[in-house]
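So you know, we letter chains A, B, ... as the sequences are listed, proteins then strands, and number each from 1.
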Amino acid sequence: MALALLIAVFLTGFILGATGYIDTIINSIINEEVRAYRQALTSSPQKPPAEEIEKLVAQRKQELIAYWGMDKPWQARIIPMVINTFILNLGRSPSPEVTNVAGLQPNSLVSDVIAACLPRTIFMITLAEAITILIALAVGPFIVYRIGSFIDRFIVAYAALMNAFPIWWVALVMLLVFSYDLGVAPKQFRPVVTYINALLLGDLNALIGVLNYVWLPIVTIVIVLSGPWIYGVRAMLIRIVKEDFVTAAIARGLPEKQILRRYIIRPAASPIVTNVLLGLAGTLGGYIITESVFDWPGMGTLYYAAVTSGDAQTILALTYIFTLVYVIARFILEVLYIILDPRVRL
Amino acid sequence: MSLLSKMYESWSWIRKEILSQVSGKVAFALLIALIVVSVYAAILMPPDYAKYWDVGSKWVDNPYNAPPEWASYLGYVCIPQTFYDLRAVKPGVSEVSGRVVFTYNITYDLSARDYPQGLRIRANIVVPQGVRNARIRVDVIKPDGARLPAIIDTYVDLTNSSLIDLNLDKPEGIVTAVVSAYRDLVKFLSVEEISIFPMKYIFGNLSYSETLKKVETTPLPGRYMFVIDFSFRVFNVQSQDILRAVERSKEFSLLIKGTCYGLMGTDYKGRDLAEGLFYGFPIALAIGLLVALASTAIGVVAGLVSGYYGGFIDELIQRTVDVMGSIPLLPILILIAQSIAKTYTGEDKPIVMLTAIFAVLIAFSWGGLAIIIRSMTLSIKSELYVEAAKAVGASNLRIISKHILPQIVPYIAASLVYSTPNAILTEAGLSVLGIRHGYPTWGNILSEARQYGTISQWWWILPPGFLIAIVSLTFVLLGLALEKVVEPKLRR
Amino acid sequence: MSNVKLEVNDLRKYFPIRRGLTEVLSGKPPRYVRAVDGISFEVIDGEIFCLVGESGCGKTTAGRLIARLIEATGGKAMYRVSKNVKEMIPEGLLVNGDYVNLLGKLPGSVDKALRLDIQIIFQDPYGSLNPRMTIGSILEEPLIIHSIGSTKEERQEIIYRALSEVKLNPPEEFVERYPHMISGGQRQRVAIARAMILNPSLVVADEPVSMLDVSIRAEILQLMLDLKALRNLSYIFITHDLAVANYICGRIAVMYLGKIVELGPSDKVINNPKHPYTIALVSAVPEPDPSNRTKIREVPIKGEIPSAAAIPSGCRLHPRCPYAMDICKVKEPPMIEVEPGHQVACWLHTKESTPS
């Protein structure tokens with residue numbers, strides 16, 4: 001599993017360097033700055049003589065190259081970054097686009113940037129996923145007792161439908177209807193940052209503000225995700241309901257609640273917990289498109305901004321964190337299996 | 001039993017199972033419809049479709065950002081495209097100071113309260129020798145009686161049998177025309193305004209607004225007259241001959257662009273969205289099936305090899321699947337796609353990008369199936385009848401193909417069905433994000449809608465996503481129906 | 001030696017036990033399950049040779065080794081190939097004219113050719129037939145593999161004849177059916193037909209009637225005897241049931257924990273058992289005739305059969321044997337001939353008779 005981490009981050013670094021991606025972007029940044037500098041010089045009132053201009057421009061270009069480290073080949077730049085990422089020395093983000101998402105100044109510490117964006121994703125996506133899971137866990141056992149009934153078939157149809165619609169498209173439609181047509185939801189979601197910051201500092205009144213911004217994305221995600229989740233829980237439970245020992249319990253006349261709790265849910269706990277943990281772990285990096293549709297300033301948008309602006313530090317750091325969270329989740333699961341499944345013993 | 005009859009038997013059994021449920025019936029119907037439309041679209045698709053869609057010299061006639069024609073039922077003001085074939089119109093012929101003039105009087109009835117999007121005259125005429133200095137001039141007589149002289153007035157070159165394409169892109173002429181027609185409003189007319197919105201001034205009612213302190217325009221429905229003067233200097237040519245040349249020419253037309261178009265409207269480049277969506281069917285199916293087939297094939301082979309031969313290769317494959325499962329797919333995919341988008345400069349960039357996206361998708365999807373196939377292979381391998389087959393001399397290949405493979409077919413089918421929509425959705429998702437490969441898929445249309453369109457252009461934004469959802473739905477329902485086949489425990 | 005169909009010498013099969021990390025690190029030698037720990041015997045042309053013993057004694061493994069379904073750890077098994085198969089075997093592998101060593105790696109073509117000559121009938125009549133294949137396809141498979149019968153019709157003919165031979169008539173009906181559509185006895189007949197269809201000269205029968213109803217057993221055994229006479233076969237018959245062994249076997253080898261403890265003609269071994277283990281086995285067979293009950297002394301034997309991974313030192317039976325002596329705990333007894341053709345490995349008898 002640690003291997004996955006290594007490969008993920010090295011692969012990212014390799015992609016960044018070998019395709020010349022970073023170089024292209026940085027070069028264009030440098031060239032843009034040089035051009036602007038030259039423009040500034042030639043249009044200033046005390047215009048220096050021509051050779052002087054060229055000398056100043058060349059000097060500036062050298063400065064920029066040194067600043068960005070472009071005087072070294074990509075291996076010399078990227079590999080130290082990769083190694084540093086592993087030991088969590090994440091460096092600084094030179095890209096204003098990236099820091100903008102976080103609401104910080106350019107060249108802030110990457111760890112600060114990530115720390116700023118993390119709560120926003122958690123408050124929206126992770127929260128939405130958690131709500132979905134709770135709904136699924138409540139509805140699942142309820143309908144598994146009533147397989148074949150109308151409500152069961154309705155839910156299966158709903159789940160199938162929701163499996164088909166891409167979540168970002170539903171998000172687009174929701175924005176269209178609720179934000180633009182009906183006006184009951186905000187059109188811009190960036191302002192939620194102030195409320196979240198206030199909330200984190202302990203100001204509970206800010207909760208209202210946060211809710212105002214967060215309700216539409218959460219509702220969207222819950223609507224789309226609850227379909228497949230309920231279906232999945234139902235499928236996992238059905239496997240067990242069909243077993244003979246459940247039929248025997250029903251024949252003995254045990255009450256529904258007890259059967260559910262001890263005979264059905266307990267054995268199903270293992271795969272359900274797996275999906276819950278992995279699902280939650282995946283909310284960090286798996287919803288980049290949805291965040292982008294809402295222009296939500298969270299981890300997903302951060303990643304996309306980093307990719308677009310060629311900010312290698314942030315890209316590496318985020319890849320590392322996404323993978324790390326997932327790996328940790330898997331590790332916790334292995335420990336949990338021992339508790340949940342009596343057949344697994346050390 | 002021969003292989004063919006065996007395949008047919010399992011196929012008809014599967015089909016019966018699927019059709020026995022509602023979800024299966026719906027899915028099957030949708031699937032048939034999908035295949036029929038795709039095949040039809042694939043046959044009709046113009047060669048080099050990507051270029052055709054992008055370059056779009058074909059689209060210049062269409063109005064931009066126009067809602068579909070049936071939008072009038074939703075309350076949209078819809079002006080239809082009006083096309084006049086001037087070759088069929090008998091012009092008045094006259095001679096004025098040595099020039100032969102053909103005068104075409106065209107009546108245009110504007111019934112809706114809106115402004116047409118544009119005006120265009122096109123000519124592709126081969127004139128006889130001795131015709132020089134051709135000139136086209138267009139005057140407009142508006143319902144309120146105002147006459148706008150020479151909104152178009154240019155000399156055209158007919159010597160090279162070239163295509164003449166005139167529209168209202170020379171604002172000076174229009175400004176002059178408007179000014180001369182509305183002398184009393186001269187002080188309040190803004191040259192900028194007229195240049196930017198010529199159609200408002202040609203097809204609108206001009207009045208001075210006290211409150212805004214400038215000239216306002218409101219739509220002016222009614223009968224318009226377009227006077228088109230087509231004149232030439234001639235040397236030893238009869239006007240009859242010129243007229244005949246015009247009548248026999250490839251094209252000579254006046255087009256007044258409407259505000260709505262087609263079945264599904266148009267986008268910002270005037271492209272007929274109905275066409276784009278139509279041709280998107282086979283492309284979407286191709287994308288989905290390609291990735292599904294490849295990842296299924298790799299998964300099956302890997303699972304079989306891993307389970308049957310065990311040992312080092314088994315460990316290797318299992319480790320690989322484990323590692324790939326822990327790496328987040330979406331970030332890596334975005335990174336790779338975007339880096340190619342920004343750094344690759346070749347001509348075939350769309351295909352390269354698409355291939356890269358597919359490669360990453362396939363690489364990350366084969367693992368799940370491989371694990372399932374592996375465990376099935378392991379359990380079948382230890383069955384007594386496999387040992388019995390070895391005892392009569394069966395080779396490894398024979399055991400895999402005759403004893404193991406038939407039992408995993410349902411899983412292969414299920415895998416194909418489940419993974420087909422995945423590629424379509426991911427490709428569309430990447431496009432929506434802004435990583436465009438340029439190939440004309442539904443995702444591409446969606447991404448352009450998001451970038452260049454506004455929320456109010458619902459006909460541009462909603463249908464592509466809707467179609468993607470329908471295609472996914474087909475496969476999801478199919479998968480639902482197939483579940484009974486794969487998991488007998490779920491049978492009631 | 002010319003009537004010896006198969007001569008097995010010191011046949012051994014050890015299965016390695018998977019070791020945990022701590023064991024590997026502690027430097028202890030690897031442990032094995034010694035399923036077959038050096039057995040030697042001969043199968044004469046046309047005889048039914050039995051391997052008898054309790055579960056876990058190694059008889060099934062021995063059968064699978066001969067049928068080349070498992071790789072042996074050691075020993076030799078010289079097998080006289082039939083004329084038609086001999087042509088397919090390269091000169092270098094032939095010893096003494098007609099004999100091939102069945103153990104060890106052989107080229108694929110030789111392995112395949114040997115399958116024409118040595119076949120196996122399994123214990124489980126349901127498990128050994130692929131439930132998703134028709135009887136016809138199951139029987140056709142060996143023909144296709146060995147390219148017997150160049151057209152569908154030819155193969156069809158051969159299959160019909162094979163089914164008739166095992167008394168599954170009319171064969172046309174059975175060919176279309178699936179295994180779950182016929183009874184256990186019928187399935188075993190199909191398994192026998194499959195073994196016979198390649199015309200082998202040696203058949204390993206691994207407890208072929210153990211999973212059948214008692215009433216059916218006699219029929220199947222009779223079928224096997226008829227086929228043996230018809231086709232001039234030799235059998236290696238594996239069973240735990242002494243009553244069956246008594247009925248069908250020519251010579252018996254009694255196995256315990258991977259070794260042969262007694263070997264000889266079946267009437268001699270069963271009616272005059274010499275080894276304490278054999279005596280216990282025989283005494284355990286329910287005797288229908290009350291007057292015979294006093295003939296054999298009841299020999300109680302203690303405890304249960306130990307694991308083949310932890311084989312006792314010396315004579316393997318010593319922890320359970322009521323006659324155990326000091327030497328039994330230390331040294332393994334050699335195989336001694338107590339009467340012509342009847343051998344025993346027991347210290348009780350070694351002193352009494354001359355080494356053979």
Q | Shortest non-hydrogen contact from C:Gly58 toward C:Val36 | A | O-CG2, 3.5 Å
**Q.** Positions in residues 183-199 of chain C that reach chain B, provided some heavy atom is under 4.5 Å away
**A.** C:Arg194, C:Leu198
(Q) Any heavy-atom pair between the side chains of C:Ser109 and C:Met88 that's under 4.5 Å? (A) no
Q | Closest heavy-atom pair and its distance - B:Gly479, B:Tyr418 | A | O-OH, 3.5 Å
Q. In terms of heavy-atom pairs under 4.5 Å with chain C, which of B:Ala391, B:Ala389, B:Pro406 leads?
A. B:Ala391
Q: Could you look at C:Arg68 and say if it's the side chain, the backbone, both or neither that has a heavy atom under 4.5 Å from chain B?
A: neither
Q) Are C:Asp206 and C:Ile121 close enough that some pair of their side-chain heavy atoms sits under 4.5 Å apart? A) no
Q. What residue in C:Pro200, C:Pro142, C:Ala67 has the most heavy-atom pairs under 4.5 Å with chain B?
A. C:Pro142
Q | Expected output: side-chain C:Tyr235 to main-chain C:Met224 donor-acceptor under 3.5 Å | A | yes
Q.
Please classify the contact between B:Glu383 and chain C as side chain, backbone, both or neither, with a heavy-atom cut-off of under 4.5 Å.
A. neither
Q. Are B:Val471 and B:Thr420 side-chain neighbours, meaning at least one heavy-atom pair lies under 4.5 Å?
A. no
Q) With sequence neighbours left out, what residues match C:Glu154 under salt bridge (charged side-chain N to carboxylate O under 4.0 Å, His left out)? A) none
Q: Identify which of C:Ile120, C:Ile118, C:Leu129 forms the greatest number of heavy-atom pairs closer than 4.5 Å to chain B.
A: C:Leu129
Q: Sort C:Glu141 into side chain, backbone, both or neither according to what part of it lies under 4.5 angstrom from a heavy atom of chain B.
A: both
Q.
Are the side chains of B:Ile412 and B:Ile408 in contact, using a 4.5 Å heavy-atom criterion?
A. yes
Q.
Is it the case that the side chains of B:Ser365 and B:Ser419 hold a donor-acceptor pair, with the cut-off being a distance below 3.5 Å and no angle test?
A. no
